[in-house]
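All residue numbers refer to positions in the sequence shown, counting from 1.
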Amino acid sequence: MPQRKPLHLHVPEPTGRPGRDTDFSYLPLSAAGAKRRPPVNVAAAQTNDLAFALIRVLDDDGNAVGPWAPQMDVAQLKRGLRAMMLTRAFDARMLIAQRQKKMSFYMQCLGEEAIACAHALAIGEGDMCFPTYRQQGLLLTREDNNMVDMICQLYSNSRDPMKGRQLPVMYSSKKQGFFSISGNLATQVIQAVGWAMASAIQGDDKVASAWIGDGATAEADFHTALTFAHVYRAPVIINVVNNQWAISTFQAIAGGEGTTFAARGAGCGIASLRVDGNDFLACFAATKWALERARSSFGPTLIEWVTYRAGPHSTSDDPSKYRPASDVQRFPLGDPIARLKQHLMVLGALTEAEFETTQKAVEAEVLAAQKEAEKYGTLADSHALDLASMFEDVYKDMPAHLIRQRAELGAAS
Ligand SMILES: Cc1ncc(C[n+]2csc(CCOP(=O)(O)OP(=O)(O)O)c2C)c(N)n1
């Protein structure tokens with residue numbers, strides 16, 4: 001009788017840990033310019049190879065190469081660079097403000113700026129993004145953005161558009177196509193698909209853009225969303241930001257080992273791309289491709305953006321406890337700002353002096369907005385929000401029991 005061997009459970013582990021460098025060979029890479037750009041009406045199954053590849057435009061020398069190189073003029077590229085620099089400056093400043101106890105909590109998107117900033121430049125008026133807490137670049141890139149309102153939300157002060165009811169970074173701006181952020185991971189993806197279906201049902205021309213991190217793809221809502229998007233050919237872009245980490249857990253334990261997150265879309269019959277998320281040009285080009293596809297009713301697209309979460313998960317996190325500090329420098333896709341800067345310099349369209357001037361300008365812009373926001377109070381001040389407002393907007397009309405509770409608190413009606 002053949003001898004049966006004992007089974008063992010596989011628990012994925014990152015190759016790198018504090019004091020031990022990561023072996024990034026787990027990440028399938030492709031050379032810049034190497035991957036084909038199919039027509040937007042391509043059958044989903046014909047993108048399966050792209051779900052395991054990596055679409056890249058900028059090569060190591062800063063040249064834009066290959067079929068995905070987008071038609072962007074220098075002014076647009078500079079706008080993108082400035083938006084990324086502004087986002088980084090905003091994060092840096094808000095991090096300090098959190099340490100100064102002006103707000104309770106903050107989350108940066110350090111290293112991931114290209115994805116949301118390029119997306120914001122590509123997307124159209126009236127389209128609706130369903131972001132996570134790490135897409136502040138969507139707001140900060142917009143010309144009509146109100147940075148003061150963003151900071152007031154962070155401070156939960158008297159001008160907070162969310163009236164002090166939400167954790168800092170949980171922005172909401174219907175006007176700017178920025179759906180209210182929820183703390184419950186992945187819920188927004190299925191909501192985005194539903195929004196896209198509604199747009200199609202009404203015969204509208206607006207599309208939805210859903211956002212999720214690598215870790216949150218393990219949530220059931222993500223899988224439900226893929227099924228609905230596929231079945232109804234919903235005009236939606238499903239953006240999976242694979243920054244390698246979900247707090248302290250490596251992407252392998254969310255299901256990334258030996259496969260890709262783009263492959264999830266391919267398996268569900270959704271056209272899927274895997275894209276260099278630190279390559280601003282690739283981010284812009286892939287977004288435009290997916291947008292055109294959605295707008296032409298050819299169906300949904302899933303894009304896995306490969307990037308690296310360069311900062312801590314949040315102000316409550318210390319990554320030195322679970323990953324090597326060397327990761328950020330050793331990550332093979334580099335830094336998105338440095339790469340677009342290099343490209344503009346190769347084009348002869350940017351000088352170091354001009355870059356420095358922009359850096360000073362974005363820092364001044366953030367500082368001015370912060371000063372303005374602080375006129376309305378910070379968490380460190382003894383400002384008090386209107387207590388009565390706490391009972392409003394739970395329902396459209398306040399029911400009797402909430403009116404009673406409000407009276408019990410002695411809050412004005
Ligand atoms: C349903 C749910 N489970 C757990 C959490 C706690 N939580 C908040 S952020 C996070 C990690 C998410 O990682 P990922 O999706 O990779 O996004 P990233 O933070 O890397 O951008 C977890 C587990 C939550 N907010 N909601």
Asks: Looking only at heavy atoms, what is the nearest atom pair of Asn157 and Ala373, with distance?
Replies: ND2-O, 3.1 Å

Asks: Given Lys360 and Thr358, is the side chain to side chain contact (heavy atoms under 4.5 Å, CB included) satisfied, shown in steps?
Replies: CA-CA 5 Å; Lys360 287 206 176 71; Thr358 305; over 6 Å; no

Asks: Do the side chain of Tyr322 and the main chain of Ile247 share a donor and acceptor less than 3.5 angstrom apart?
Replies: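 Present.
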
Asks: Is there side-chain contact between Val169 and Leu154, with at least one heavy-atom pair below 4.5 Å?
Replies: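 The answer is yes, as the side chains (C-beta and beyond) meet within the 4.5 Å cut-off.
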
Asks: Going by heavy atoms in the side chains, are Leu81 and Leu350 under 4.5 Å from each other?
Replies: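 Side-chain contact under 4.5 Å: yes.
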
Asks: Quick check: Phe331 with Phe24 (ring centres under 6.0 Å apart)?
Replies: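 Ring centroids of Phe24 and Phe331 are less than 6.0 Å from each other.
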
Asks: Verify whether one side chain among Gln370 and Arg93 offers a donor that lies under 3.5 Å from an acceptor in the other.
Replies: yes

Asks: Assess whether atom OH of Tyr232 is packed by more than 12 heavy atoms of other residues, nucleotides or ligands within 6.0 Å.
Replies: no

Asks: To the nearest 0.5 angstrom, please state how far the SG atom of Cys129 sits from the CG atom of Asn239.
Replies: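 The distance works out to 7.5 Å.
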
Asks: Given side chain to side chain contact (heavy atoms under 4.5 Å, CB included), test Leu121 with Phe284 step by step and report yes or no.
Replies: CA-CA 8 Å; Leu121 278 190; Phe284 185 84; 4.0 Å; yes

Asks: Quick one: CH2 on Trp289 to OG1 on Thr287, what's the gap to the nearest 0.5 Å?
Replies: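 Those atoms lie 12.0 Å apart.
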
Asks: Keeping to residues at least two apart or across chains, list the salt bridge (Lys or Arg N to Asp or Glu O under 4.0 Å) pairs with something in residues 252-274.
Replies: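 Sorted pair list: Arg274-Glu304.
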
Asks: Return yes if some donor-acceptor pair links the side-chain N/O of His230 with the main-chain N/O of Gly269 below 3.5 Å, else return no.
Replies: yes

Asks: With distance as the sole criterion, is a donor-acceptor pair present between the side chains of Gln153 and Ser156 under 3.5 Å?
Replies: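 No, Ser156 and Gln153 have no side-chain donor paired with an acceptor closer than 3.5 Å.
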
Asks: For Ala349 versus Val74, what's the shortest heavy-atom pair and its separation?
Replies: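 Smallest interatomic distance, heavy atoms only, reads CB-CG1, 3.7 Å.
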
Asks: Using a distance-only test with no angle check, is there a side-chain donor-acceptor pair under 3.5 angstrom linking Gln136 and Tyr171?
Replies: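 No, because no side-chain N or O of Gln136 sits under 3.5 Å from a partner of the opposite role on Tyr171.
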
Asks: Which heavy atom of Ala114 sits nearest to which heavy atom of Cys283, and what is that distance?
Replies: O-CB, 4.0 Å

Asks: To the nearest 0.5 Å, how far apart are CD in Gln188 and CH2 in Trp211?
Replies: 11.5 Å

Asks: Please evaluate residues Leu379 and Lys102 with respect to the criterion side chain to side chain contact (heavy atoms under 4.5 Å, CB included), reporting the C-alpha separation (whole Å), side-chain torsions for both, the decisive distance (0.1 Å), and the verdict.
Replies: CA-CA 5 Å; Leu379 194 70; Lys102 290 174 178 174; 5.7 Å; no

Asks: Measure from the side-chain N and O atoms of Glu372 to the backbone N and O of Leu367, and report whether any donor-acceptor pair falls under 3.5 Å.
Replies: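 The answer is no, because no donor-acceptor pair under 3.5 Å joins these two groups.
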
Asks: Taking only residues at least two apart or on different chains, which pairs with a member in residues 327-347 satisfy salt bridge (Lys or Arg N to Asp or Glu O under 4.0 Å)?
Replies: Asp21-Arg330, Arg88-Asp335, Asp276-Arg339, Asp279-Arg339, Lys341-Glu352

Asks: Do Phe250 and Pro12 come close enough that some side-chain heavy atom pair is under 4.5 Å?
Replies: no

Asks: Flag the pair Asp160 and Arg165 as a salt bridge only when some basic side-chain nitrogen lies within less than 4.0 angstrom of an acidic carboxylate oxygen.
Replies: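 Answer for the salt bridge query: no.
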
Asks: Check whether any side-chain N or O of Ser158 sits under 3.5 Å from a backbone N or O of Tyr376 as a donor-acceptor pair, and report yes or no.
Replies: yes

Asks: Can you give me the closest heavy-atom contact between Ile212 and Ala186, atom names plus distance?
Replies: CD1-CB, 3.7 Å

Asks: Do Asn63 and Val346 touch side chain to side chain, with heavy atoms closer than 4.5 Å?
Replies: yes

Asks: What residues, two or more places apart in sequence or in another chain, satisfy side-chain contact (heavy atoms from CB on, under 4.5 Å) together with Thr227?
Replies: Val231

Asks: Determine whether Asp49 and Arg36 satisfy the following criterion, salt bridge (charged side-chain N to carboxylate O under 4.0 Å, His left out), listing intermediate values before the conclusion.
Replies: CA-CA 10 Å; Asp49 59 320; Arg36 70 196 166 88; 2.7 Å; yes

Asks: Under a 4.5 Å cut-off applied to non-hydrogen side-chain atoms, are Pro332 and Leu29 in contact?
Replies: yes

Asks: State, with a plain yes or no, whether a side-chain heavy atom of Ser296 is found less than 4.5 Å away from one of Arg293.
Replies: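 When only atoms from C-beta onward are counted, Arg293 and Ser296 do not touch, as no gap falls below 4.5 Å.
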
Asks: Distance-only, no hydrogens or angles: does the Ser182 side chain make a donor-acceptor pair with backbone N or O of Asn184 under 3.5 Å?
Replies: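 Side chain of Ser182 to backbone of Asn184, a donor-acceptor pair under 3.5 Å: yes, one is there.
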
Asks: Could you tell me the separation between the CD atom of Gln135 and the CD1 atom of Ile115, rounded to the nearest 0.5 Å?
Replies: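 With rounding to 0.5 Å, CD (Gln135) is 8.0 Å from CD1 (Ile115).
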
Asks: Please list all pairs meeting salt bridge (Lys or Arg N to Asp or Glu O under 4.0 Å) that have one or both residues in residues 210-233, counting only residues at least two apart or in different chains.
Replies: none

Asks: Find the distance between CZ (Phe90) and CG (Leu139) and round it off to the nearest 0.5 Å.
Replies: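 The distance works out to 9.0 Å.
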
Asks: Looking at Arg142 and Glu125, does any basic side-chain N land under 4.0 Å from a carboxylate oxygen?
Replies: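 So Arg142 pairs with Glu125 through a salt bridge.
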
Asks: Under the rule for ring pair (Phe, Tyr, Trp, His ring centres under 6.0 Å), what residues qualify as partners of His343, not counting sequence neighbours?
Replies: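 Here no residue qualifies.
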
Asks: To the nearest 0.5 Å, tell me how far Lys101 NZ sits from Gln98 CD.
Replies: 8.0 Å

Asks: Ignoring hydrogens and angles, tell me if any N or O in the side chain of Thr141 forms a donor-acceptor pair with the backbone of Leu138 under 3.5 Å.
Replies: no

Asks: Using only atom types and a distance under 3.5 Å, with no angle test, would you say the side chain of Thr259 pairs donor to acceptor with the backbone of Gly256?
Replies: no

Asks: Between Met162 and Ser172, is there a side-chain heavy-atom distance shorter than 4.5 Å?
Replies: yes

Asks: For ring-ring contact (aromatic ring centres under 6.0 Å, His included), just list the numbers for Phe222 and Phe261, CA-CA rounded to whole Å, side-chain angles, deciding distance to a tenth of an Å, and then say yes or no.
Replies: CA-CA 11 Å; Phe222 177 65; Phe261 292 95; 8.2 Å; no

Asks: Taking side chain as C-beta onward, heavy atoms only, is Val65 less than 4.5 Å from Val57?
Replies: no

Asks: Please check: side-chain N/O of Asp127 versus main-chain N/O of Val207, any donor-acceptor pairing under 3.5 Å?
Replies: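 The answer is yes, because a donor-acceptor pair under 3.5 Å joins these two groups.
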
Asks: Between Glu113 and Arg134, does any NZ, NE, NH1 or NH2 come within less than 4.0 Å of an OD or OE carboxylate oxygen?
Replies: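 So Arg134 does not pair with Glu113 through a salt bridge.
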
Asks: Is a side-chain N or O of Thr87 found less than 3.5 angstrom from the main chain of Gly137, in a donor-acceptor match?
Replies: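 No, Thr87 side chain to Gly137 backbone: no donor-acceptor pair under 3.5 Å.
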
Asks: For the residue pair Phe130 and Trp195, categorise the inter-ring angle as parallel (less than 30°), tilted (30 to 60°) or perpendicular (more than 60°).
Replies: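 Because their plane-to-plane angle is over 60°, the rings of Phe130 and Trp195 count as perpendicular.
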
Asks: Just by distance, do the side chain of Thr315 and the backbone of Tyr106 share a donor-acceptor pair under 3.5 Å?
Replies: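 Yes; judged by distance alone, with no hydrogens or angles, the pair exists.
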
Asks: Tell me whether the count of non-hydrogen atoms from other residues, nucleotides or ligands lying under 6.0 Å of CZ in Phe228 goes above 12.
Replies: no

Asks: Can you see which heavy atom on Ala234 is nearest to which on Ala196, and at what distance?
Replies: CB-CB, 4.0 Å

Asks: Which residue pairs pass the salt bridge (Lys or Arg N to Asp or Glu O under 4.0 Å) test with at least one member in residues 69-81, sequence neighbours excluded?
Replies: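 Output for this query lists Lys78-Glu354, Arg79-Glu143.
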
Asks: I'd like to know if Asp386 and Lys163 make a salt bridge, using a cut-off of under 4.0 Å between side-chain N and carboxylate O.
Replies: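 A salt bridge is absent here (no side-chain N lies under 4.0 Å from a carboxylate O).
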
Asks: What are the two closest heavy atoms between Pro235 and Met197, and how far apart are they?
Replies: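 In this case the closest contact between Pro235 and Met197 is CD-N, 4.5 Å.
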
Asks: Let's go through Ile237 and His119 carefully: what are the C-alpha distance in whole Å and the side-chain angles of both, what is the deciding distance for side chain to side chain contact (heavy atoms under 4.5 Å, CB included) to 0.1 Å, and is it a yes or a no?
Replies: CA-CA 11 Å; Ile237 308 172; His119 201 86; 4.2 Å; yes

